[in-house]
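To start, the structure itself, in structure tokens.
Order of appearance sets the numbers: ligands from 1, and atoms from 1 within every ligand. In this text, all values refer to a predicted model and were calculated from it rather than measured experimentally.
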Amino acid sequence: MIVLGVHKGHDSSAAIVKDGKVIADVQEERFSRVKHSGNVPIKSIEFCLEQVGVKDINEIDFISSSWENTPKELSIVFDLADPYGKTGSIAKQIGKSILGKSIGSYKLKLPIYYPNYRLKNKSKFVNNNHHLAHAASAYFTRTTNDKCLIFTIDGAGDEMCTSIWMGEGNKIELLKSYYKEASIGWAYSIVTEGLHWIHGDGEGKTMGLAPYGDPEKCKGVLDKYFPVFENEKLVRESNLGESFYWTESGSTQFHFDEAKEVEALITKYGREDIAAEAQRKLEETIMNLVFGWVKKTGISKTAYAGGVMLNVKLNQKIWYNRKDLITEQHVYPNPGDSGLAVGAALLEYYKHNDFKGYEFNHLYLGPDYTNDEIESILKIRKIKYTYLENPSKKAAELLAENKIVAWFQGRMESGPRALGNRSILMSPLKAENKDMINAWVKFREGFRPFCPSLTFESRHDYLKNCKDEFFMITSYDVTDHKRDKIPAVVHVDGTLRPQMVQKETNPRYWELINEFGKITGESIVLNSSFNVMGESIVNNPKEAIRCFYDSGIDALFIGNFYVTKD
Ligand SMILES: [Fe+2]
């Protein structure tokens, strides 16, 4: 059975599941180069079909969408029932009533150069609830199928904001859902907007700024925006005011006038303290919710998705406070809306098949380019290059010389993190490297931390009380004896957000880190995404080359080729 998952909205994406395995997953922004693109994921769908060798859409069993109602654009792409109904478009009706004659159609329709995936009898288009698709991404990527509490927490989707589910076998059942009275994501985003960062994009910056502030100095000033849970019960609703929307990058972004109130609080207390208080409230609220439900149900295995779960400090807080109440904390590594295509696809697949558990151990699910393809692109640009049998060794040597290295290998990662296939790397050994990589390459705010990749074998040497962490989705405290050894990747509060790299999952990247360890004594490197601030992570070799020459990166390793600026 083949299921195509499609998400049209903030972070549009497509994914394909064949025989229970995710074969491909990609966000449209990687093709359109518009970050968080909300366009119809036409290119992503095309890529997914190629990956399973499907030329005719009707070879697909189900197309599974991430919304309860079919987005108008998807109705047109898949040639479903007329999304305008019998009366035609509103614009056409208005034109008729004003002019007394038709002024033509303003209906949305695909230009002829786009593929029209007309569905016939066999393929079925299925709508799903947004939060249920989030829940499916978390539940159906667990290693087991036993009873599990699932928390889906975002701004809003299909009007749900915070939902609690129970999964068992191949069933997911809704236990409780909260709407705007408990949108923890929107509360945090109001603060993000108050800090003048984009709602639905800048929340990571709020989290990065928080450790520089002291929440005690303004404790309680953000209380009205956050709901209050006691045990599992909502005892006080939040007061967010009216929600408005705005279109940014082709998708809906929300806005609240209350951001103005937060702006005034920032003037009074300072940016750092308000960010710190927002983070404290987020953690307190979700900890009460999660531990309340764990105690009420007695279910100790938990899974999580929804954009709020990108908050790695929250995830650390849950993990460090789990005691014996939580025995499994599985956060789907692409928990925001870009993970909905996978969620919708797995959800539909397991409506028809038994779920026994899934070894979901990597996110290398995007496009790949052969050495031949890369070489021809280098040749056309008259770029000098060297073929290396072992690029890992040379890259490690350059990192040990404190060079900035771009690393482009294999299939692109899905989700927001670069995990060693589209990465910019540097040595973590010098504190000033953080400023250097910002000044020469990333051009982003100086307070934001950089994250490390380390060999799986060395994890306990660097991290306190850690679990297996392959996707940079949870932060941990650095061990005391390593804190001063790797200052470029330790945040001001002594935490780091690691990627543990296993030899069998990504041998070339593992070898690079291991080689760096042989030279320097530290099996850990600074890993930042291969892009500059505000742009999507590079997808293809052309974009990699452009980013390389448009920044202060010293060397580019692309497939087996090595390029410098000498
Ligand atoms: Fe969502």
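Angle subtended at the Fe ion (ligand 1) by H130 NE2 and H134 NE2: 90°, rounded to 10 degrees.
You'll find the side chain of F360 stays beyond 4.5 Å of the side chain of F140, heavy atoms only.
D154 contributes atom OD2 as its closest N/O/S atom to the Fe ion (ligand 1). As for D337, its N/O/S atom nearest the Fe ion (ligand 1) is the one called OD1.
Using a cutoff of 4.0 Å between basic side-chain nitrogens and carboxylate oxygens, K301 and D146 are scored as salt-bridged.
Side-chain contact check for Y225 and E258: no donor-acceptor pair (N or O, by modelled atom type) lies under 3.5 Å. At a cut-off of 3.5 Å, with distance as the only test, a side-chain donor of S475 or Q316 sits close to an acceptor on the other residue.
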